[in-house]
Number of protein chains: 2
Amino acid sequence: MKLDTRLSSVLHLVLHMADAGSPLTSETMAAMLGTNPVVVRRTMSGLREAGLVRSEKGHGGGWLLERSLNEITLADIHAALGHPALLAFGNRNDNPQCLVERAVNARMATAMEDVQSLVLQRLAAITLADIRSDFEDKLKDHHHAHHHS
Amino acid sequence: MKLDTRLSSVLHLVLHMADAGSPLTSETMAAMLGTNPVVVRRTMSGLREAGLVRSEKGHGGGWLLERSLNEITLADIHAALGHPALLAFGNRNDNPQCLVERAVNARMATAMEDVQSLVLQRLAAITLADIRSDFEDKLKDHHHAHHHS
DNA sequence: TTTCATGAAACAAATAAAGTTACGAGAAAG
DNA sequence: CTTTCTCGTAACTTTATTTGTTTCATGAAA
């Protein structure tokens with residue numbers, strides 16, 4: 001199964017945006033991911049529509065954060081990406097004749113709904129500020145390791 | 001994102017196997033799913049290796065259950081299918097240089113592990129016997145509906 | 001008016017899952 | 001003991017989806 005890496009990508013990008021004082025271009029951000037600027041625009045467009053970021057054209061243009069890191073949760077980003085599927089499994093046939101299959105589907109649907117809401121709760125509990133502070137801890141470790149202090 | 005429907009398919013098939021007194025052929029089972037017998041063999045092979053079912057060649061051969069329905073959970077079947085990914089999202093790069101991305105990955109990995117174990121708990125709490133009894137309830141409703149009783 | 005940037009549409013490539021074909025092997029029926 | 005039925009497996013094809021790319025229009029700053 002091919003995983004959707006957009007959430008992970010966007011987290012990475014937005015944290016860099018927060019650090020940069022000025023707008024980051026799609027090209028710069030694409031280099032961070034090792035991909036194409038158009039992919040960045042496509043991926044970020046949902047965040048713009050959700051009001052999490054803003055984009056500006058022309059000289060000195062690029063992408064800017066519209067909220068502070070502690071006001072954005074992973075669930076917000078998931079929603080901005082268009083609520084992509086969280087679970088990798090699902091029912092084969094959505095409206096089967098077979099009563100056995102209907103019973104299977106019903107149980108699966110209930111379990112999947114339960115579990116999806118747990119995943120969303122977990123995503124909602126993590127803010128970008130949390131990850132940013134993890135990063136600062138890492139930076140400290142990194143620094144210490146290189147200076148043997 | 002394309003969902004993995006093997007769990008759902010196998011539940012359907014195994015419940016039919018439990019109802020049939022005699023072995024079901026891959027061809028019969030393929031017809032139940034609207035697919036090809038080879039797909040059935042491929043999907044069921046993991047269950048055979050896990051000891052949940054048995055297959056027999058030749059005349060009168062086919063697939064047989066090796067355990068009763070209350071001894072098989074959805075987690076057992078998930079394991080027999082080779083522990084396919086449960087979550088549809090993941091990290092873009094597993095060993096990045098960028099410290100920001102490493103912080104993102106670490107948070108994501110922790111959250112994903114937590115959530116995966118919750119999903120597995122949920123799957124382990126459902127047995128095939130549970131679904132079978134849901135089916136019997138449905139059968140009763142169906143019967144009543146058709147006889148207006 | 002030139003350069004730099006995004007927006008968006010259309011197209012191409014890569015990937016993974018599902019489906020198919022083909023053939024070998026074992027077991028029962030005749 | 002030959003035929004028929006069945007699974008096992010490998011190799012191949014098809015299909016669907018995602019990702020990446022090209023291209024051009026639009027707007028803003030130099």
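The sequence lines fix the lettering, A, B, ..., with proteins before strands; numbering per chain opens at 1. If you're wondering where the values come from, they're calculated on a predicted model, not measured in any experiment.
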Taking the side chain as every heavy atom from C-beta outward, state whether [X] and [Y] have any pair of such atoms under 4.5 Å apart.
{"X": "A:Ser9", "Y": "A:Thr43", "answer": "no"}
{"X": "A:Leu47", "Y": "A:Leu81", "answer": "yes"}
{"X": "B:Met29", "Y": "B:Trp63", "answer": "yes"}
{"X": "A:Thr5", "Y": "B:Phe89", "answer": "no"}
{"X": "B:Leu52", "Y": "B:Glu71", "answer": "no"}

What is the separation between atom [atom1] on [X] and atom [atom2] on [N], rounded to the nearest whole Å?
{"X": "A:Asn36", "N": "C:dA10", "atom1": "CG", "atom2": "P", "result": "18 Å"}
{"X": "B:Met44", "N": "D:dT9", "atom1": "CE", "atom2": "C1'", "result": "17 Å"}
{"X": "A:Leu64", "N": "C:dT6", "atom1": "CG", "atom2": "P", "result": "11 Å"}
{"X": "A:Leu47", "N": "C:dT6", "atom1": "CG", "atom2": "C1'", "result": "15 Å"}
{"X": "A:Arg42", "N": "C:dC11", "atom1": "CZ", "atom2": "P", "result": "14 Å"}
{"X": "B:Phe89", "N": "D:dT17", "atom1": "CZ", "atom2": "P", "result": "21 Å"}
{"X": "A:Arg92", "N": "C:dG19", "atom1": "CZ", "atom2": "C1'", "result": "10 Å"}
{"X": "A:Arg6", "N": "D:dG20", "atom1": "CZ", "atom2": "P", "result": "12 Å"}

[X] (side chain) donor-acceptor with [Y] (main chain) under 3.5 angstrom:
{"X": "A:Thr110", "Y": "A:Ala106", "result": "yes"}
{"X": "A:Asn91", "Y": "A:Asn93", "result": "no"}
{"X": "B:Asp130", "Y": "B:Thr127", "result": "yes"}

Table of protein N/O atoms under 3.5 Å from nucleotides 14-16 of chain D N/O atoms:
none

For residues 73-82 of chain A, pull every pair meeting side chain to side chain donor-acceptor pair (under 3.5 Å), keeping only residues two or more places apart or in separate chains.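 Those involving residues 73-82 of chain A are A:Thr73-A:Asp76.
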
Under 4.0 Å between any heavy atoms, over every strand shown, what does B:Ser45 touch: base, sugar-phosphate, or nothing? Just pick one.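 No contact.
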
What N/O pairs connect the protein and nucleotides 3-5 of chain C at under 3.5 Å? Give each pair on its own line.
from	atom 1	to	atom 2	distance (Å)
C:dT3	O2	A:His59	NE2	3.4
C:dC4	O4'	A:His59	NE2	3.4
C:dA5	O4'	A:Gly58	O	3.3

Any side-chain N or O of B:Ser55 less than 4.0 Å from the OP1 or OP2 oxygen of D:dC7?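 For D:dC7, OP1/OP2 do not have a side-chain N/O of B:Ser55 under 4.0 Å.
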
